[in-house]
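Comments concern the structure below.
Within every chain, numbering begins at 1; the chains are lettered A, B, ... in the order of the sequence lines, protein sequences first and strands thereafter.
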Number of protein chains: 2
Amino acid sequence: MRVTQQLIAKLAGVSQATVSRVLSNDARVEPAIREKVLEVIQQQNYSPDVRARSLRQKRSHLIGLVLRRESGSLHGDPFFAQLVSETVECLIGTNYQLCVDIATDHERQKHVYDELLRTRRVDGLILVESEAYDERIIRLQEDSFPFVVLGNAFENSTLNVVDNDNVLAGRIATQHLMDQGYSHIAMLAGPPNLTVTRDRVSGYMEALSSRGMKPHVIYSDFGIEGARTAALEVLNQRNGPNAILAMDDFMAAGVLQAARHLEIRVPEQLGVAGFNNSPLCLLIEGGMTSVDLRIDTMVRWAIQRLIQVIEGDEEAGDRQKVMPCELHVRGSSVRGKVASIL
Amino acid sequence: MRVTQQLIAKLAGVSQATVSRVLSNDARVEPAIREKVLEVIQQQNYSPDVRARSLRQKRSHLIGLVLRRESGSLHGDPFFAQLVSETVECLIGTNYQLCVDIATDHERQKHVYDELLRTRRVDGLILVESEAYDERIIRLQEDSFPFVVLGNAFENSTLNVVDNDNVLAGRIATQHLMDQGYSHIAMLAGPPNLTVTRDRVSGYMEALSSRGMKPHVIYSDFGIEGARTAALEVLNQRNGPNAILAMDDFMAAGVLQAARHLEIRVPEQLGVAGFNNSPLCLLIEGGMTSVDLRIDTMVRWAIQRLIQVIEGDEEAGDRQKVMPCELHVRGSSVRGKVASIL
DNA sequence: TGAACACGTGAATACGTATTCACAAGAATA
DNA sequence: TATTCTTGTGAATACGTATTCACGTGTTCA
């Protein structure tokens with residue numbers, strides 16, 4: 001038999017209402033009685049039933065983390081791992097727990113929406129990398145359901161959005177490559193429909209044009225294989241680039257493999273840089289230059305904001321937050337002596 | 001106002017009980033009425049409230065995934081990413097959702113226990129890599145709370161446990177290195193108190209002794225840095241090993257870095273192999289030999305089993321499941337011509 | 001034809017909690 | 001002293017669902 005407030009009440013000789021009051025720290029309860037009740041609670045090892053509590057207060061104290069990924073593509077994804085772990089860590093100390101769901105396709109995405117929202121499973125949502133200002137978000141807004149978008153800044157300023165400054169990221173990476181004297185810098189970009197792609201390409205373009213250099217963008221898929229193939233092709237061309245800026249560290253790794261295969265020396269003949277500053281960067285010989293997007297900070301902001309919205313005490317201030325990013329320079333893009341990472 | 005069964009009932013001209021019956025596919029409801037009710041449900045876009053349902057059925061349809069990790073150590077952890085993503089994928093199609101929690105220390109671990117179990121937040125638990133037959137498990141057993149242990153086989157055969165065959169994994173990796181002609185094979189092991197360490201070391205020992213070779217075990221921490229340091233030390237010694245079997249791919253990567261630093265050629269002068277077969281293995285020049293532990297299969301078994309236990313129709317059969325593993329041979333341990341991974 | 005029975009439905013109840021309402025006892029005010 | 005105000009408590013209720021119980025209808029069997 002489950003220990004309930006009813007039982008505690010009986011044992012302590014009070015009513016169930018009083019037990020509830022003790023638990024919610026209601027000031028209007030006699031110290032002696034509170035003492036007695038707490039004693040019985042302790043002794044019976046009672047914990048409140050979160051289900052009953054949810055029903056009553058209309059709060060589940062669960063936060064949903066939803067991201068859209070192809071099935072099976074998550075395994076080596078450092079972004080995902082960082083995202084989840086960072087979120088869980090942020091939630092420590094709050095009385096919220098994390099519910100993770102992944103939408104593999106559009107159908108599934110609708111299903112996730114139903115499962116988590118319509119059924120009132122979660123109190124709020126963190127949406128990661130949604131592709132565009134989609135139907136889903138409109139519905140969320142209409143229902144005025146608490147949510148924060150992570151990783152995709154929209155024009156709509158009524159939304160709570162945190163994003164990295166991808167334009168800046170693209171720019172500083174490109175500038176760094178230019179500073180190192182690379183004269184023909186190509187960008188190996190992800191799918192062009194993603195905002196993240198567009199933004200980083202923008203930054204890349206800006207930086208180049210500020211010094212009168214011509215852009216060279218190759219669109220590809222995320223993942224090592226696609227990047228390797230694309231890099232092989234472009235590096236084989238006469239007048240190929242002598243530097244490649246890849247959309248993430250994995251793609252950059254693909255570029256390195258292609259270079260090795262073609263016996264092109266990095267960084268002497270080819271400079272390479274990526275994004276995310278994943279642990280991977282330290283595994284590459286000489287280290288790989290990468291832009292740290294500060295996912296940890298983003299997540300922290302998103303969670304904090306989401307909880308504020310849920311609890312109705314949203315602070316004033318910008319709903320849109322753009323996180324700074326920082327470049328980590330390593331051997332893959334530094335001509336001259338290769339910095340040892342040991 | 002939230003759309004409830006009460007409202008549906010009124011609109012359809014039936015009782016709330018009937019609506020509930022329609023939703024639970026109760027056969028005893030007149031087709032015409034069912035039709036009518038479904039129509040109203042459709043039209044009102046009704047979804048049942050999972051909180052009320054949980055309270056009533058005493059089922060939350062949430063599964064908890066708990067693992068113990070140091071704070072901040074998850075970011076680059078491919079095991080973690082694979083674990084979570086695989087779990088989420090397994091849960092598609094079941095009507096369960098995933099609740100993730102991480103216990104950073106013993107105190108937090110108790111807290112997680114309280115949050116998830118005592119409050120009846122989740123219906124069952126997947127415990128990952130618990131260090132030993134700990135107090136927590138005993139309590140779970142006493143409460144006869146559904147749970148499955150992943151990654152640590154105990155002697156206690158009443159527990160539902162799925163583990164990889166770490167002894168086998170250690171053995172086949174070692175055998176492979178011996179087959180390649182390496183004469184002095186060291187094992188760079190993880191913390192000795194972990195079962196996983198002990199088992200792989202056992203397999204390593206078995207394999208060696210079957211051919212009369214002497215073991216050489218170095219205990220270290222997980223992570224690149226520790227492995228690199230340990231490898232540097234051992235490789236600097238006179239009569240150092242000409243092959244190193246590392247406890248995971250990251251540690252193996254650390255060994256590679258050390259070798260590069262000392263200008264020891266891999267695989268000619270030093271054979272290297274790891275465990276997990278993470279995406280990392282393909283990033284290494286020539287590829288890295290690694291034992292695939294089939295985490296996907298383990299997770300699938302664990303989830304399936306857990307749901308069976310929760311729903312009370314636990315199939316007969318072994319509660320202990322040991323997953324096979326398979327060796328992926330790549331350039332880091334194959335003397336002679338290096339296999340290209342392109 | 002009457003009794004036993006299956007069937008479909010609505011009313012009532014329970015799940016465990018938080019909260020409102022009512023009420024008694026005492027304090028404060030006149 | 002009579003009246004209003006606080007204060008602390010218990011009784012009652014609501015949250016939205018699933019399920020049991022009761023009941024009326026039509027069916028089957030003797």
Could you work out, with side-chain contact (heavy atoms from CB on, under 4.5 Å) as the rule, every residue matching [X], not counting sequence neighbours?
| X | value |
| --- | --- |
| A:Ser60 | A:Ser54, A:Leu62, A:Asp123, B:Arg51 |
| B:Gln304 | B:Gln308 |
| A:Thr87 | A:Leu65, A:Leu91, A:Leu98, A:Val299, A:Ile303 |

Once each nucleotide of nucleotides 16-21 of chain D is scored for protein heavy atoms under 4.0 Å, what B/S/- sequence comes out, 5' to 3'?
BBBBB-
Contact list for residues 53-63 of chain A, test salt bridge (Lys or Arg N to Asp or Glu O under 4.0 Å), sequence neighbours left out
none
So salt bridge (Lys or Arg N to Asp or Glu O under 4.0 Å) across residues 1-15 of chain A, not counting sequence neighbours, yields A:Arg2-A:Asp49
Angle between the end axes of the helix from C:dT1-D:dA30 to C:dA30-D:dT1, five pairs per end, to the nearest 10 degrees?
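Roughly 50° between the end axes, to the nearest 10°.
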Expected list for residues 21-42 of chain B: side-chain donor-acceptor pairs under 3.5 angstrom, two or more places apart:
from: B:Ser24; atom 1: OG; to: B:Ser20; atom 2: O; distance (Å): 3.0
from: B:Ser24; atom 1: OG; to: B:Arg21; atom 2: O; distance (Å): 3.4
from: B:Asp26; atom 1: OD1; to: B:Arg28; atom 2: N; distance (Å): 3.0
from: B:Asp26; atom 1: OD1; to: B:Arg28; atom 2: NE; distance (Å): 3.2
from: B:Asp26; atom 1: OD2; to: B:Arg28; atom 2: NH2; distance (Å): 3.3
from: B:Arg34; atom 1: NH2; to: B:Asp26; atom 2: O; distance (Å): 3.1

Please enumerate all residues that pass ring pair (Phe, Tyr, Trp, His ring centres under 6.0 Å) together with A:Phe145, with sequence neighbours excluded.
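For A:Phe145, no residue satisfies ring pair (Phe, Tyr, Trp, His ring centres under 6.0 Å) once neighbours in sequence are set aside.
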For the side chain of B:Ser85 and the backbone of B:Gln82, is there at least one donor-acceptor N/O pair under 3.5 Å apart?
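Side chain of B:Ser85 to backbone of B:Gln82: a pair is present.
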Gap between atoms CD and P, on A:Glu30 and D:dT7 respectively (whole Å):
12 Å
